[in-house]
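Take a look at the structure set out below.
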Amino acid sequence: MQAPAIGGVNAPRGNGKVVRLAQGSSLTDFAEKIGANPAALVQIMMHLGEMVTATQSVTEETLQLLGEELDFNVQVVSPEDEDRELLESFDIEFGEDEGGEEHLVVRPPVVTVMGHVDHGKTKLLDAIRNANVVAGEAGGITQHIGAYQVETEVDGQERKITFIDTPGHEAFTAMRARGADTTDLVVLVVAADDGVKPQTTEAIDHATAAGVPIVVAVNKVDKEGADPQRVRSQLTEYGLVAEEFGGQTIFVDVSAKQGLNIDGLLEAIVLTADAELDLRANPEQDAQGVAIEAHLDRGRGAVATVLVERGTLQIGDSIVCGGAYGRVRAMLDENGNTVEEAGPSRPVMVLGLTAVPGAGDKFLVVDDDRVARQIADKRAARKRNAELLKSRVRRSLEDMFKDMERGDIQELLLIIKGDVSGSVEALEDSLLKIDVGEEVNLRVIRRGVGAITQDDVNLAVASEGAVIIGFNVRPERNAQETADREGVDIRYYSVIYQAIEEVEAALKGMLKPEYEEAQLGTAQIREIYKVPRIGNVAGSMVLSGTINRNSKARLVRDGVVVSDNLTVSSLRRFKDDATEVREGFECGIGIGYNDIKIDDVIETFEMREKPRA
């Protein structure tokens, strides 16, 4: 049944029928659901004042606007619901332990180390696992997440603890937030000689939002000026009250550099986990968990560090992790040793995936490779649509007309490639927060892990001026040759702050220059001379500054501007031409304006470019 014409376009009416669409759906997807011609929906959107193509991913608001116009109840499915429905179609339940209480066994606590930059998080982990992480980090700053499992003895029992190390700089807020989401307990590192800092409070916020208990490690107690009691007092303002003050939070004084009281910290972690958490999982079911980090290794392909949350992961299992899938070819622990199986709370590096998953992607073991591939393909398509939607600016006809009136808005397009997905995510998050006003936009059109490829360069060429940022990666040879030939700008960084500073400088450089007026001089008219073919010339005394030939000028009479936008077309001292006349000297000034009077003042000025803040 055809509806009445909407702006001359016929389209089916829904009579309130519910239509479920995924995020990032296009008008073509909508048309398939309701049995309409996509071209008709494009025309309806034009009549509603929005320019949309048939295959373009559109926002939830656009889909609902179109649904209201056609009398359909559009429900946009969230990515989580869509993924759950996808897994249910394969009869898979994610996030649940199978079986009853008798199948659950105690698992080690997963601990995230958080705190302010330079407060000693990495050195503390060094002391715990006797491995030098700092030496491999650019500038001594942790650039991506790592996971490690250690053993300690508590009350005569061997207990294991899994640590997740998260970067401490504010640029990695997104990564720290993800670290808190995958953790059972947070160790908050605060330097005894420095106290609570902005990123300390950020870490507390992330841990509180995730609903996990906190153990405070007061580090650097061996340094001069260290005051552990001051740290305890400061943290009471944030709801972390030490046990000795009558609170619930365990504070442990440590020195990562000297290796002091590390065993006391590990014991506090185990005791807190036992007292406040019921950490149990079923080790007998198919493994499920989360990818903490992932990168592309030249010799081994895609390598993902995964944390098993329930079940046991074994070599040969078919797994799917986000948009990547494959068969577990090998598993390695944090020391590079081969692992045959990984139970709950065990972090391992997995080899055998077909692609690099995103940090934070959930993984699960499925029956066979065919199922894994189907799930991965659908997830990858959904992610691609979401990225298209995120990178595309919603534009109406009115927006286009306004842009045409004031000139095109400048836009900086970026392609980000990095060594690990966590760093890429953090860099993109930081760059998109750069704000230099409404005149310039920044848009990330692609992000990925691994070397800069020919395809990346081709996309930059097609995008007419996109800049490629390589974070701890280099281009393939043919990609470099193409970039040199096509003039594609590739920037390389190993420290995230440098990338942020340079991109911000580039954005400011794209802004249209701002000018301000700078006064050069003033002259008072004392005599008026009539010159044939030229007109009136002002015999003047320079009162301040200098009068320069060809400078801009205005005529002021009794404090009121009589004429603006004039130019000093001629300047003479007696019978000689002059380029400038200084304060205190007389001269003849021609400004191409005849209505001048004695005692009028000629002001000269120039427009100088104003530096951007």
Side-chain angles (χ1 to χ4, degrees), residues 109-129 133-134 137 140-142 145-146 148 150 161 163-173 175-177 179-180 183-273 276:
V110 179
V111 179
T112 298
V113 180
M114 291 185 175
H116 189 76
V117 65
D118 294 334
H119 276 200
K121 298 179 304 300
T122 305
K123 275 194 171 65
L124 183 60
L125 276 168
D126 283 346
I128 290 170
R129 59 192 172 88
V133 174
V134 173
E137 301 288 359
I141 301 160
T142 307
I145 287 180
Y148 326 94
V150 299
I161 303 172
F163 282 93
I164 299 178
D165 177 28
T166 58
H169 185 261
E170 60 189 358
F172 295 93
T173 299
M175 294 177 70
R176 276 206 308 276
T183 197
D184 301 316
L185 186 144
V186 162
V187 171
L188 180 66
V189 181
V190 187
D193 63 333
D194 202 16
V196 175
K197 291 294 178 182
Q199 282 137 20
T200 311
T201 61
E202 280 182 25
I204 294 171
D205 291 341
H206 288 311
T208 304
V212 295
I214 296 174
V215 173
V216 180
V218 184
N219 194 23
K220 304 186 182 182
V221 293
D222 58 314
K223 289 190 68 174
E224 186 177 344
D227 188 355
Q229 292 304 314
R230 181 169 71 99
V231 173
R232 286 165 168 77
S233 299
Q234 287 178 328
L235 286 176
T236 56
E237 300 176 16
Y238 301 94
L240 299 179
V241 183
E243 286 184 323
E244 54 263 45
F245 292 173
Q248 301 291 322
T249 306
I250 297 181
F251 281 69
V252 184
D253 295 339
V254 299
S255 169
K257 190 173 183 180
Q258 302 292 337
L260 298 177
N261 205 22
I262 301 301
D263 290 337
L265 176 61
L266 297 179
E267 183 178 357
I269 291 169
V270 172
L271 293 176
T272 302
E276 299 191 33

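What you see below is based on every heavy atom in this structure, not just the backbone, and it leaves out hydrogens, waters and symmetry mates.
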About how many Å separate [atom2] of [Y] and [atom1] of [X], when rounded to the nearest 0.5 Å?
| X | Y | atom1 | atom2 | answer |
| --- | --- | --- | --- | --- |
| Asp227 | Ser233 | CG | OG | 8.0 Å |
| Asn261 | Asp222 | CG | CG | 12.0 Å |
| Ile164 | Met114 | CD1 | CE | 9.0 Å |
| Glu202 | Asp205 | CD | CG | 7.5 Å |
| Thr112 | Asp184 | OG1 | CG | 8.5 Å |
| Asp126 | Tyr148 | CG | OH | 8.5 Å |

Next item on the list: Assess whether atom CD of Gln248 is packed by more than 12 heavy atoms of other residues, nucleotides or ligands within 6.0 Å.
Entry: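 Counting neighbours around CD of Gln248, 12 or fewer heavy atoms of other residues, nucleotides or ligands fall under 6.0 Å, so no.
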Are the side chain of [X] and the backbone N or O of [Y] linked by a donor-acceptor pair below 3.5 Å?
| X | Y | value |
| --- | --- | --- |
| Thr183 | Val186 | no |
| Asn219 | Val189 | no |
| Gln234 | Val196 | yes |

Next item on the list: Just do the side chain to side chain contact (heavy atoms under 4.5 Å, CB included) check on Val270 and Leu266 with the steps written out, would you?
Entry: CA-CA 6 Å; Val270 172; Leu266 297 179; 5.8 Å; no
Counting C-beta onward and ignoring hydrogens, is there a side-chain heavy-atom pair between [X] and [Y] closer than 4.5 Å?
| X | Y | value |
| --- | --- | --- |
| Phe163 | Ile269 | yes |
| Val216 | Leu240 | yes |
| Leu125 | Lys121 | no |
| Thr200 | Val190 | yes |
| Leu185 | Val212 | no |
| Val241 | Leu235 | no |

Next item on the list: Test side chain to side chain contact (heavy atoms under 4.5 Å, CB included) on Glu243 and Ile250 and set out the steps.
Entry: CA-CA 6 Å; Glu243 286 184 323; Ile250 297 181; 3.7 Å; yes
Looking at [X] and [Y], what are the two nearest heavy atoms and their distance?
| X | Y | value |
| --- | --- | --- |
| Val252 | Ala268 | CG2-CB, 3.7 Å |
| Val231 | Gly195 | CG2-CA, 4.2 Å |
| Ala217 | Leu265 | CB-CD1, 4.1 Å |
| Ala226 | Lys220 | CB-O, 3.5 Å |
| Val221 | Pro228 | CG1-CG, 3.9 Å |
| Ala256 | Gly120 | CB-O, 4.4 Å |

Margin query: Ala242: which residues meet the side chain to side chain contact (heavy atoms under 4.5 Å, CB included) condition with it, sequence neighbours left out?
Written below: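 For Ala242 the side chain to side chain contact (heavy atoms under 4.5 Å, CB included) partners, ignoring immediate neighbours, are Arg232, Glu244, Phe245, Phe251.
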Next item on the list: Give a yes or no on whether a salt bridge exists between Lys223 and Asp193, defined as a side-chain N under 4.0 angstrom from a carboxylate O.
Entry: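 Between Asp193 and Lys223 there is a salt bridge, with a charged N closer than 4.0 Å to a carboxylate O.
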